[in-house]
Amino acid sequence: MTPVTRDPAQLAAQYPELFQGAHTARLKALAIGVAAFALFLFGCWYLDFSLDRLMTGLRQLSWFVMLMIPPDPGTSLPTYLAAMGETLSIAFLGTLLGAVLALPVSLLAARNIIPSIFLRFPARRFLDSIRGVDTLIWALVWINVVGLGPFAGVLAIATADFGAFGKLFSEAIEGADRKQVEGIRAAGGSKLHEIRFGLMPQVLPVLAGQILYFIESNTRSATIIGIVGAGGIGLQLAEQIRVLEWQKVSTLILMILVAVAIIDFISTRLRFAIIGRAGDVHH
């Protein structure tokens, strides 16, 4: 059989709603694209974007890079290694503290745990308000509360991660399979038994993977908050930039990059190991 070709005009007359919808969708996409481009141009004008300043800055940056070669810690390598260890400790302790504190609150924010919106809504908005403030801002707050040093850094990361973990944990809990929970309920288990034996074994591998990822991410965050006085290698980095010791600056940057790469490798292996074991158990 030979295919029958139809005139587009006839098809448009026969199915006007289909063609009208296609034209409307194209017009909407075009309007959104034009509006986004106009917003981009307005942002460039409002923020005083300048190609001349950009090119001048890139030449200055290339000069700084030349000054950084070769990296040379001088006699400060033991100090830098101790500061790197302090940064890793800040990231680890802050992430762990934030996760431990966020877990019970995430249960209150989960729809399948707390059906009532009057109880769940305040918990969600509380987590949103905490998460809406950046780690750097929390570092400045805690520095003024407890003083300079790594303790303020730990509290800053724990506070910021508390809001993020609360949201992620609650979403993981809401996505859990209800069959295991219903099985515990059918066997006469209480609400706590449903959470402990039906829900948590499902979500714990997901939560552990999220915690490992945040430890890696918070290593960089701990470096940044160290610049404002929360201890760690960020403080050393800020001091060396201030006195224009560019070879020491490059040494510190390399140390940060190596530490992040090692943590990324270890956390990736651990995440796959946890997910693999969880998959074997379910299988």
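Not measured: the values here are computed from a predicted model.
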- Task: For the residue pair Phe42 and Trp45, categorise the inter-ring angle as parallel (less than 30°), tilted (30 to 60°) or perpendicular (more than 60°).
- Result: tilted
Rounded to the nearest 0.5 Å, what separation is found between the [atom1] atom of [X] and the [atom2] atom of [Y]?
X      : Y      : atom1 : atom2 : answer
Thr223 : Leu252 : OG1   : CG    : 9.5 Å
Ile143 : Trp138 : CD1   : CH2   : 13.5 Å
Leu257 : Asp264 : CG    : CG    : 12.0 Å
Ile130 : Lys167 : CD1   : NZ    : 15.0 Å
Leu93  : Leu155 : CG    : CG    : 10.5 Å
Leu39  : Cys44  : CG    : SG    : 9.5 Å

- Where at least one partner belongs to residues 215-224, residue pairs that pass salt bridge (Lys or Arg N to Asp or Glu O under 4.0 Å), sequence neighbours excluded: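 Sorted pair list: Glu216-Arg220.
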- Task: If a pair satisfies salt bridge (Lys or Arg N to Asp or Glu O under 4.0 Å) and one of its residues is in residues 34-56, list it, with sequence neighbours excluded.
- Result: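 Qualifying pairs: Asp48-Arg53.
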Report yes if some heavy atom in the side chain of [X] is under 4.5 Å from a heavy atom in the side chain of [Y]; otherwise report no.
X      : Y      : value
Phe165 : Thr95  : yes
Gln247 : Leu67  : no
Leu81  : Leu77  : yes
Leu136 : Ile224 : yes
Ser170 : Ile173 : no
Phe169 : Ile211 : yes
Glu86  : Ile233 : no
Tyr80  : Lys248 : yes

To check you understand the geometry: which heavy-atom pair defines the closest contact between [X] and [Y], and what is its length?
X      : Y      : answer
Leu97  : Ala158 : CD2-CB, 3.7 Å
Thr87  : Gly232 : OG1-CA, 3.2 Å
Gln236 : Ala83  : CG-CB, 3.8 Å
Ser250 : Pro71  : OG-CA, 3.3 Å
Val203 : Ala172 : CG1-O, 3.5 Å
Ala238 : Ile227 : CB-CG2, 3.8 Å

Under a 4.5 Å side-chain heavy-atom rule over Ile, Leu, Val, Met, Phe, Trp and Tyr, are [X] and [Y] clustered together?
X      : Y      : answer
Ile253 : Leu88  : yes
Ile215 : Val154 : yes
Leu103 : Val100 : no
Ile69  : Leu254 : no
Leu168 : Tyr213 : yes

- Query: Would you say the side-chain atoms of Thr251 pair up with the backbone N or O of Asp72, donor to acceptor, closer than 3.5 Å?
  - Reply: yes
- Query: Ignoring hydrogens and geometry, is there a side-chain-to-backbone donor-acceptor pair from Ser217 to Phe214 under 3.5 Å?
  - Reply: no
- Message: Quick check with a 6.0 Å cut-off and a 45 degree axis cone: is Arg125 positioned over the face of Phe121's six-membered ring?
- Response: yes
- Query: Between Arg269 and Phe265, is a side-chain contact (heavy atoms from CB on, under 4.5 Å) present by the stated rule, with each step listed?
  - Reply: CA-CA 6 Å; Arg269 297 293 296 271; Phe265 175 77; 3.4 Å; yes
- Report the C-alpha separation of Glu174 and Arg124 in whole Å, then their side-chain angles, then the decisive distance to 0.1 Å, and conclude whether the salt bridge (charged side-chain N to carboxylate O under 4.0 Å, His left out) test is met. CA-CA 13 Å; Glu174 288 178 346; Arg124 285 182 175 269; 2.4 Å; yes
- Message: Pair Ile157, Ile225 - check side-chain contact (heavy atoms from CB on, under 4.5 Å), show working.
- Response: CA-CA 9 Å; Ile157 289 180; Ile225 63 176; 4.0 Å; yes
- Item | Residue Ile117 excluded, over 12 heavy atoms near CD1 under 6.0 Å | no
- Message: Could you check whether atom CZ of Phe64 has more than 12 heavy atoms from other residues, nucleotides or ligands sitting under 6.0 Å from it?
- Response: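 Counting neighbours around CZ of Phe64, more than 12 heavy atoms of other residues, nucleotides or ligands fall under 6.0 Å, so yes.
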- Item | Partner set under side chain to side chain donor-acceptor pair (under 3.5 Å) for Thr159, not counting sequence neighbours | Trp142
- Message: I want to know whether Phe126 and Phe162 have ring centres closer than 6.0 Å.
- Response: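 Yes.
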